[in-house]
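A quick write-up on the structure given underneath.
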2 protein chains.
Amino acid sequence: MVSIKDVAKEAGVAISTVSKVLNNYPNVSEETRNKVNEVVERLGFVPNAVAATLSSKRTGRVALLIKLNLHTQASDEISMQYISGAIHKAKELQLDVITVFTSMIEDMDVAEVTSYFASQGIKGIIIYGMTTKDKVLHKLIDSGNFKIVVVDAPMVNESTSSISIDHAKAQYDVAKKTITENKCKKILYLAGDEDGYVTEERLQGIKKLCDEKKCKLTVRNGKFSELRARELTMKYAKNSDCVVCASDIMAIGAMKALIDMDIFRPVCGFDGIILMGYAGKQMNTVRQDFAKISEEGLMELNRLMSGEKGRKVAVKHELVRIKYEDIIC
Amino acid sequence: MVSIKDVAKEAGVAISTVSKVLNNYPNVSEETRNKVNEVVERLGFVPNAVAATLSSKRTGRVALLIKLNLHTQASDEISMQYISGAIHKAKELQLDVITVFTSMIEDMDVAEVTSYFASQGIKGIIIYGMTTKDKVLHKLIDSGNFKIVVVDAPMVNESTSSISIDHAKAQYDVAKKTITENKCKKILYLAGDEDGYVTEERLQGIKKLCDEKKCKLTVRNGKFSELRARELTMKYAKNSDCVVCASDIMAIGAMKALIDMDIFRPVCGFDGIILMGYAGKQMNTVRQDFAKISEEGLMELNRLMSGEKGRKVAVKHELVRIKYEDIIC
DNA sequence: TTGTATGCGTTATCAG
DNA sequence: CTGATAACGCATACAA
């Protein structure tokens, strides 16, 4: 394995000089810089990230903390987009990222989790899909030991930023479009799990809309479950003229149920996942650009790691209809 | 962060002694061992994995090399299952695994990829979904620098094992079941991409079956694409009485096309992905237990890393029908 | 502008 | 059985 030492020897300079070139320090002559770069290229040298993080107290590595939910593959799609967005941006920012799945740390306490991340040279973490129940993660955030960006949860402090779309507005928007198109008056709203931070926000959105439009609103807890959405739809849809869902997966469950019941009700979802193209009927939904959210999350984390304070970052959403013809490839 | 130095000081012993206790070296007195362990426990010390891999040349970490395919979310589901299986087993085997996505290494040459993995302290790699076109990966395997397990590609040498189901037999089985149930005689076979190792094997399976059953076989390259499967079905299905597909995603494309054409032909797929539940009609398919394949892959890698030679590992498959009712949750 | 020396947290070697 | 001490590959304050 070619090391910085080999490069230094080959280029006839000191190790520290090579290091400076690699890290784009200003005080290196153009000549030496070129010489070193030439050797780096020729020897195919890639700096040892492990040694680098060990050595410097600087920009450490970044961990993507992903929830592995085996049961619903909708979340697979979302997770993958989160990952790919982050990786893409990491390349650009020259950050070393690793992915950590919650299952790996699920039975650790805060101290252990902290040690685990520290032992991996992690300085910053992006947490995806945190719920109110994740006690350990809350403590981790409060500890201030890491720079953290939380996606879709309103945690902000000195070393923590949050990033998300405006869930209330998005829910308001998509529902408004749907009920306006269909002149609905009696809304069945299938909410998300009460543990989810976004659940309450989305609920505020639909409530505001129903107040404004003087619609009758029936709220049921669909727990982000397709099956539960199906059952609730079977039970309550007849007395409503529209089904608004807090997630696409529930929207699909509701739509399939309506088809089986052989009655029509407009349905709208939330997330914009590809699976919507397989639901059988088109629906309005909120498209969240998960890859982009993740990219911006990484940029925000980069900001935090360079000493800035935590803050709230908002991302735009858009309304779409997902058709089978559009998603097939 | 508490380090080995702190433990040593607190326990009143040398750093090296602590290290020996941590790594279960034999030549340490029971007394010191207990004392050190007590301090380790009390201080909540967790060894720094980064420093450890830097220092030692021993059993390194394991990398899961995953293909990130943004366009088809069927592969998301499969990748996630691979990952979760590997992580689960890694915990059990006490291996440190990291996930690497092909996009991170796509424009590196062998030397760079080698350095990259080495720089991460990687000793073993599991490669998922390798194609004949992945020149760099082929060289990586030939180099013998890493212990490697390749999933679904027949690469075996001193330090490389392959693991997969018997694709020829599986294709044979699922097609046989389908044509027997429906008394078919003219098979349209939508094959996978020619770059895929499994493509040829599956093709052998269907050919053998058609020989035995004296069926007319029409083979078309569906390239594992749902859209292409749709087009090919539109074009050729009328002259066949059955559509056998080398992947579920193509089976779904074919089925949707048949529904749109308003003709019936039995269709069968391959993989057993959950998306099959949303295809509209039930189909036979081969269920590959991706999580289990990954688990066994990790066990095999562990074997390689402890000095054993590469070999071919076979995994069982089963025939299933995926119903919406079964996959919803 | 360049080089020297020291340290990061471990493991490994070799005296004691 | 135990403890110095030299690597491991790199970053960086400091000296030249």
Side-chain angles (χ1 to χ4, degrees), chain A residues 1-37 39-40 43-61 94 96 114-123 305, chain B residues 1-37 39-40 43-61 96 114-123:
Chain A
M1 213 71 327
V2 32
S3 78
I4 195 172
K5 197 192 292 179
D6 304 317
V7 176
K9 189 185 295 175
E10 180 78 13
V13 297
I15 292 181
S16 53
T17 305
V18 178
S19 178
K20 283 169 195 162
V21 172
L22 294 173
N23 296 288
N24 285 316
Y25 274 56
N27 48 347
V28 180
S29 74
E30 199 58 32
E31 195 188 335
T32 350
R33 187 179 297 279
N34 290 146
K35 189 168 54 182
V36 170
N37 278 327
V39 175
V40 165
L43 269 50
F45 167 72
V46 177
N48 184 323
V50 175
T53 56
L54 217 207
S55 170
S56 96
K57 298 286 92 184
R58 253 195 359 168
T59 49
R61 309 165 78 195
Q94 306 220 49
D96 193 23
T114 303
S115 300
Y116 173 73
F117 281 125
S119 84
Q120 299 281 357
I122 301 295
K123 294 284 169 356
M305 293 202 300
Chain B
M1 215 71 324
V2 32
S3 79
I4 195 174
K5 199 191 290 179
D6 304 318
V7 176
K9 191 184 293 175
E10 180 77 13
V13 297
I15 291 180
S16 47
T17 305
V18 177
S19 178
K20 283 167 196 164
V21 172
L22 293 174
N23 296 288
N24 285 314
Y25 275 55
N27 48 347
V28 180
S29 74
E30 199 58 30
E31 196 187 332
T32 4
R33 187 179 297 280
N34 291 147
K35 190 169 52 183
V36 170
N37 279 327
V39 176
V40 165
L43 267 49
F45 167 73
V46 176
N48 184 324
V50 174
T53 56
L54 214 209
S55 173
S56 101
K57 301 285 97 184
R58 261 193 350 176
T59 48
R61 312 160 78 192
D96 194 20
T114 304
S115 302
Y116 174 72
F117 281 125
S119 84
Q120 300 280 356
I122 301 295
K123 291 285 168 355

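First the proteins, then the strands, lettered A, B, ... as listed; each starts at 1.
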For atom CG of Asn27(A) and atom P of dA15(D), their distance in whole Å: 16 Å

Side chain of Thr32(A) (C-beta onward), nearest among dT1(C), dT2(D), dG9(C): dT1(C)

Touch class at under 4.0 angstrom, heavy-atom based, for Lys5(A) against every strand present: sugar-phosphate

Shortest non-hydrogen contact between Val39(B) and Glu10(B), atoms and distance: CG1-CG, 3.5 Å

Per Ser3(A) side chain, nearest of listed nucleotides dC10(D), dT1(C), dG9(C): dC10(D)

Tyr25(B) side chain, from C-beta outward: closest of dA12(C), dG3(C), dG9(C): dA12(C)

Residues within residues 11-19 of chain B bordering DNA chain D, heavy-atom distance below 4.0 Å: Val13(B), Ala14(B), Ser16(B), Thr17(B)

Shortest side-chain distance from Lys20(B), nucleotide among dC1(D), dG3(D), dT10(C): dG3(D)

Watson-Crick or G-U stems of DNA chain C, 3 or more pairs, under 3.5 Å, by first number: C:1-16 with D:1-16

Arg61(A) CZ - dC8(C) C1' separation (whole Å): 15 Å

Length of the line joining Lys35(B):NZ and dG3(D):C1', which is rounded to integer Å: 13 Å

Value in whole Å for how far the P atom of dA11(D) lies from NZ of Lys123(A): 13 Å

Residues forming a side-chain contact (heavy atoms from CB on, under 4.5 Å) with Lys9(B), sequence neighbours excluded: none

Validation row: Val21(A), Thr32(A) side chains within 4.5 angstrom (heavy atoms): no

Where Lys20(B) and Val28(B) come nearest, the two heavy atoms and their spacing: CB-CG2, 3.8 Å

For Phe45(B) against Ile4(B), the heavy-atom pair lying closest together: CE1-N, 3.4 Å

Inter-residue atom distance Leu22(A).CG - Asn37(A).CG, 0.5 Å rounding: 7.5 Å

Rounded distance in Å - NZ (Lys9(A)) to P (dC10(D)): 14 Å

Under 4.0 angstrom between Ser55(B) side-chain N/O and dA12(C) OP1 or OP2: no

